[in-house]
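Written below as structure tokens is the structure these notes are about.
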Amino acid sequence: MTATRLAHGGNIDRQKPITFTWNGRVMTGFAGDTVASALLANGVRIIGRSFKYHRPRGIMAAGADEPNALVDLTHGVRHEPNARATTVLLEDGMQISVIQGWPNVDWDIFGVLDLFHRFLPAGFYYKSFFKPNWGFYENAIRRMAGLGRAKTSADRRKFDARVDHCDVLIIGGGMAGICAARAAISAGLNTILVEDRPHLGGRLNWCGRVIDGMPADQWAQQIASDLNCRVLTNAVAFGYYDHNLIGVMETVQTSDPDCGDARLWQIRARHVVLATGAFERPLLFADNDRPGVMLADAALCYVRHYGVLVGDRIVIATNNDSGYESAIGLAQAGAEVTVVDIRPIAGGIQQRAEMVGVRVLPSARVIKAIGRTAVTAVDIRTNRGSHIRIDADILASSGGWSPAVHLFSQSGGKLRWDDGTLTFVPDQSPQAVRVIGAANGTFDPAASMSEAIAAINAIAPEKVSWSLPALSQTEKSVAIEALWQDPDIIGRQWVDFQNDVTFKDIALAASENYVSVEHLKRYTTLGMATDQGKTSNVIGLAIMAQLTGREIPAVGTTTFRPPFVPVSLGAMAGSRFGPLHSPLHQLPAHQSHQKLGAEFREYGGWWRPAFYPRNSEDAFATIQREAKAVRAGVGLLDASSLGKIAVRGKDAAEFLNLIYYNELAKLKTGRLRYCFLLRETGVVYDDGVVARLADDHYLLSPSSSHTKGVLDQLELWHQTEYPSMQVSFHNLTSAYATISIAGPQSRTLLARMESGIDLSDQALPHMSLTHGTMMGHKVQLARVSFTGERAYELTMPAGQGRTFWEHLMNLGQDLGITPIGIESLSLLRAEKGYILIGTDTDGLTLPVDLGMAGPLTAKKVDFVGKRSLLTPDAMRPDRRQLIGLRPTDDQFVPAVGSHAILQVDGTRRSIGWITSSAFSPHLNHTICLAMIEGGRGLVEANAHVTIFDRGKTTTARAVEACFFDQQGVRLNG
Amino acid sequence: MASNSLFDQLDLGADGVIAKGDNLVVRLAIPSHAVMVSNGHPSIPPNRVENLSLCKAFWLGPDRMLAISEHGRIDAEFFGKDALVSDITDGIALFHISGPCWREIFVRGSAENPDGGMLDTGLCAQTLFAGLDALVHCAGPEHLVIQIERPLASFFSLWLIEATKAAQASLAAK
């Protein structure tokens with residue numbers, strides 16, 4: 001017998017049939033079904049194969065606690081490799097298939113592994129596969145185990161993400177949750193209610209109670225329709241973060257293939273009320289993982305909420321009264337039900353069960369499920385000690401309830417053991433959170449409602465003005481009786497179904513002294529699967545306590561971390577991919593560079609042309625061509641990203657002299673100086689040119705990626721150490737565009753701009769600046785070079801950047817004007833030995849390592865980092881120093897990062913590394929910059945060093961870092 | 001509105017509209033003139049927006065403000081002879097989000113509570129919006145203005161288009 005869809009009942013819309021496929025087979029369900037309920041209704045029993053042993057598995061639960069029913073789901077562009085069938089709502093056209101099992105899930109060839117289970121205990125991979133090595137076996141093992149596979153194609157869907165705020169966030173829309181929401185609204189609180197199922201009510205939808213004289217599910221829907229607050233259904237709170245920030249993932253229906261099917265909410269709440277309910281625990285018996293073994297409450301949920309009767313002959317094993325609720329519901333739906341209760345007597349509910357035909361076996365326990373691909377019978381040990389076998393097609397179990405304390409624990413809350421309910425319940429949390437109902441270990445409905453009202457009264461400025469509904473009388477209950485593992489049971493008993501962890505694995509861990517809960521978890525993988533051990537954690541801890549003779553609280557609990565349920569990376573990313581991946585600054589002349597065919601790359605947060613390939617040129621050829629053009633004629637570089645920080649005030653000179661390594665107070669107006677900015681440690685943080693515009697006015701030009709950092713440094717020192725100095729800073733980088741014009745023809749080109757600015761070397765020598773008007777706009781013209789050629793930086797309002805760029809390109813046609821990108825600039829500057837901070841330097845580089853020792857001795861005033869430069873370490877002669885390297889093979893370009901090595905006692909020792917390398921088209925050989933121990937001594941000795949590049953060695957001669965025009969004739973002349 | 005290549009860059013029409021939806025319009029505006037002022041007067045209380053002659057002044061820090069004019073140039077002398085006044089007209093972009101559904105955009109860009117007081121009349125806030133440094137204020141009922149660095153205008157426009165789509169889809173589903 002397999003499950004059947006009942007003719008009536010259930011919260012499904014029978015007028016809306018839905019077609020889907022299961023492993024290619026066409027099936028039908030109804031709107032309101034989950035994938036799991038639809039599969040059950042279509043007679044599917046084996047839904048997958050287990051992670052390790054490839055044993056057949058069936059559906060066990062009806063919610064987020066399901067360990068077995070992970071399926072591969074494709075629906076249009078949507079693909080989920082490990083969708084939990086019990087939480088995914090069925091939609092028309094869904095293609096659902098198994099994630100394990102070959103050639104098919106019913107006959108899986110790897111099922112043979114189960115025969116060798118004795119050789120595959122917990123941690124077997126720590127003890128075997130040493131020869132030849134683990135890697136030899138790894139691929140095959142990973143192929144056999146594991147979960148579903150993600151597609152290799154990109155998911156281009158954009159997911160929505162948003163923020164919300166409220167006075168009280170109630171998580172869980174069961175009875176306690178909706179009572180709390182109703183109370184919070186009546187107390188005037190801005191309330192948000194989050195529920196992971198499509199309908200509010202939780203267990204009220206299938207428990208069969210009567211509230212206010214109506215069926216509980218109807219009462220829940222009536223209350224829900226009156227809730228005047230934001231209610232998020234199909235939304236799971238997956239993470240509880242600091243300051244009451246809750247992450248919620250809402251499933252949304254969309255027909256737009258570009259839109260994702262989830263929305264991420266970040267909800268900041270003044271108060272959080274957790275009404276997250278509880279998870280039913282299974283009982284342990286031999287072969288308790290067979291298809292047809294399931295949780296008792298899940299069986300009840302399927303029959304009452306989805307109209308699916310899971311079997312004809314059902315045995316319910318229990319140690320508490322809630323197993324009887326399921327028995328009654330299933331018997332009323334037509335099943336033949338037997339309850340096997342370990343207790344000698346149950347509560348008043350036993351009589352009610354017997355009245356609807358349920359057979360009860362007191363003081364008895366299930367010891368084994370019979371059947372391989374489906375339960376066919378159940379072995380039971382009776383109260384007299386005899387064994388009987390009952391034919392059955394479903395074996396449901398109820399081993400008590402574990403409060404869903406995951407979010408509470410994530411909030412930083414501590415748990416305590418409660419002997420009455422045999423479970424961990426919430427204790428104290430450092431955050432403003434209250435836990436109510438089953439999540440708090442309160443399983444009595446009336447008490448849950450009272451807790452909800454009390455929780456809201458405790459946080460609301462106005463008292464709750466809503467009276468509790470009347471509950472139907474319930475029978476007196478009898479306490480749960482502990483049954484973790486029966487030592488007399490022979491056979492394998494599963495604790496963690498998803499990771500295939502058995503009682504024997506825990507016993508092995510205990511015998512090998514992995515008795516700490518954290519060791520137990522990592523050694524056996526108990527609770528580490530995608531279900532995070534929702535059905536297994538407490539049982540595992542209890543068994544460890546039993547095996548080691550400790551109390552359960554002494555074993556402790558592991559840490560619950562977000563997410564509570566798996567969350568897709570796409571939903572977390574939202575729309576942040578492609579052009580929205582990270583906010584990159586765009587140059588004012590971006591469109592002009594696009595027209596010129598620039599290849600853009602990110603440099604320091606700016607989207608800049610790397611180079612401008614022509615026709616079919618590759619990157620190398622383009623860079624070589626651009627570099628040659630600059631040395632031969634004129635090149636144009638968009639340098640708008642260079643920092644522009646205005647510094648002004650009566651104390652500007654004195655302040656900058658304190659901050660910068662170089663002398664700036666004596667810098668003449670209209671002149672520029674290349675400077676270092678150091679950290680307190682003396683390490684070079686940034687370099688750049690500083691211009692003096694007036695006695696009290698400077699303009700700093702930090703590197704593109706350091707502009708905000710430099711500004712922060714200025715503000716930090718001003719506000720914390722020198723607040724009395726009169727000086728102010730403005731970052732003008734975005735407001736102005738800068739075009740660098742470099743090459744022997746640069747002055748000719750500039751002269752064509754007809755600005756009237758005197759461009760003679762006398763009026764505008766290297767490292768000076770002036771102002772004027774060009775094309776009707778005020779401009780600043782600085783003569784400064786990063787290429788070693790005569791060069792100018794022309795700065796104008798950013799809005800004119802594109803116009804100026806295009807005008808200059810037109811004016812320079814006959815001069816062979818060439819737009820150049822960052823890569824050719826980097827080659828040109830390396831030829832001159834000019835450094836790039838962060839490329840040629842690192843977090844240990846001092847000015848003296850770069851050959852700039854002058855200011856340390858010449859500058860008379862104190863400055864940031866000075867003391868560090870005078871320490872013995874800073875003056876060690878064997879510090880790594882910047883030098884040039886010329887490889888013996890002129891054509892070979894070693895990779896940046898290649899080490900210079902010494903052979904010491906047969907082993908290699910690094911004495912430094914290459915920081916920049918390129919083939920110089922002007923010198924016709926390779927050039928390298930490198931940071932090498934005692935580098936300057938090597939240059940003086942004309943020594944050779946050995947370069948170790950990706951497994952090969954070569955030699956290079958130590959030379960001066962400046963390879964080109966060492967006298968600076970081209971720069972100044 | 002100043003003539004500027006930014007509109008061309010973003011491929012916008014003369015009205016600067018970036019995205020439209022039901023009860024929602026997102027528009028880019030370029031100020032006529034904007035200056036950053038340090039060490040000048042008048043002093044503005046923290047997080048306030050003040051209406052000065054010809055311009056609006058936004059508090060940026062204890063001795064710093066941003067003055068924006070929609071109609072004409074701002075006279076630097078106005079702020080006093082010791083003030084550092086820098087023209088940043090071409091460095092900022094103003095995005096106007098208007099209509100009853102403006103909150104739907106706000107909640108997708110900011111972690112702040114739009115009803116928490118920071119957007120009350122006469123206030124401005126320096127905050128992260130869509131991951132960018134932004135200056136945010138309400139210019140009137142149902143009228144949010146977000147100022148960001150101009151080099152990020154293209155990125156922000158794309159973000160606004162996506163946010164508007166998401167907001168519309170969300171509203172339609174209600």
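The sequence lines fix the lettering, A, B, ..., with proteins before strands; numbering per chain opens at 1. Nothing here was measured: the structure is a model prediction, and the numbers come from that model.
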- Message: I want to check something: taking the side chain as every heavy atom from C-beta on, are K708(A) and V710(A) in contact at a cut-off of under 4.5 Å?
- Response: no
- Task: For V272(A) and I246(A), run side chain to side chain contact (heavy atoms under 4.5 Å, CB included): C-alpha distance rounded to whole Å, both residues' side-chain angles, the deciding distance at 0.1 Å, then the answer.
- Result: CA-CA 9 Å; V272(A) 173; I246(A) 311 294; 4.1 Å; yes
- Among the listed options Q594(A), R576(A), H697(A), the residue most often paired with chain B at heavy-atom distances under 4.5 Å: R576(A)
- Relative to chain A, which segment of D115(B) carries a heavy atom at a distance below 4.5 Å: side chain, backbone, both, or neither? neither
- Query: Which bit of Q719(A) comes within less than 4.5 Å of chain B, counting heavy atoms only: side chain, backbone, both or neither?
  - Reply: neither
- Item | Region of W606(A) that comes under 4.5 Å of a non-hydrogen atom in chain B | side chain
- Item | Structural part of V37(B) lying under 4.5 Å from a heavy atom of chain A | backbone
- Item | By ring pair (Phe, Tyr, Trp, His ring centres under 6.0 Å) - contacts of H271(A) (at least two apart) | none
- Among the options A167(B), A111(B), G131(B), pick out the one with the most heavy-atom pairs lying under 4.5 Å from chain A. A111(B)
- Task: Heavy-atom distances under 4.5 Å only: say whether L84(B) touches chain A with side chain, backbone, both or neither.
- Result: both
- Is the closest side-chain donor-acceptor distance between D256(A) and T254(A) under 3.5 Å? no
- Sort K778(A) into side chain, backbone, both or neither according to what part of it lies under 4.5 angstrom from a heavy atom of chain B. neither
- Item | Electrostatic pair R27(B):D15(B) at N-O distance under 4.0 angstrom | no
- When the 4.5 angstrom heavy-atom criterion is applied to F159(A) and chain B, the contacting part is neither
- chain A contact via R103(B) - side chain, backbone, both or neither, heavy atoms under 4.5 Å: neither
- Item | Any donor-acceptor N/O pair, N244(A) side chain to A269(A) backbone, under 3.5 Å | yes
- Among A166(B), G91(B), P151(B), which residue forms the greatest number of heavy-atom pairs with chain A at distances under 4.5 Å? P151(B)
- Item | Toward chain B, the part of S641(A) with a non-hydrogen atom under 4.5 Å | neither
- Message: Between D261(A) and R157(A) (salt bridge meaning N to carboxylate O under 4.0 Å), is one present in this structure?
- Response: yes
- Would you mind checking which part of E104(B) comes under 4.5 Å of any heavy atom in chain A, side chain (CB onward), backbone (N, CA, C, O), both or neither? side chain
- Side chain, backbone, both or neither: which part of S170(B) has a heavy atom under 4.5 Å from chain A? both
- Task: With a 4.5 Å cut-off on heavy-atom pairs, point out which of A172(B), A130(B), A153(B), A169(B) contacts chain A the most.
- Result: A130(B)
- Task: Could you check which of Q266(A), K158(A), Q726(A) has the highest count of heavy-atom pairs closer than 4.5 Å to chain B?
- Result: K158(A)
- Note on the structure: In terms of heavy-atom contacts, H771(A) and L693(A) come closest through CE1-CD2, 4.0 Å
- Is it the case that S32(B) and S69(B) place a side-chain donor and acceptor less than 3.5 Å from each other? no
- Task: Quick one: which of I88(B), L158(B), N113(B), L132(B) has the most heavy-atom pairs under 4.5 Å with chain A, could you say?
- Result: N113(B)
- Task: Indicate yes or no: at least one non-hydrogen side-chain atom of D696(A) is less than 4.5 angstrom from one of K650(A).
- Result: no
- What part of L584(A) lies closer than 4.5 angstrom to a heavy atom of chain B: side chain, backbone, both or neither? backbone
- Honestly, the part of R263(A) sitting under 4.5 Å from a heavy atom of chain B is side chain
- Task: With a 4.5 Å cut-off on heavy-atom pairs, point out which of R268(A), Q253(A), R648(A) contacts chain B the most.
- Result: R648(A)
- Main-chain N/O of G605(A) paired with E602(A) side-chain donor or acceptor, under 3.5 Å: yes
- W59(B) side chain vs G61(B) backbone, donor-acceptor pair below 3.5 Å: yes
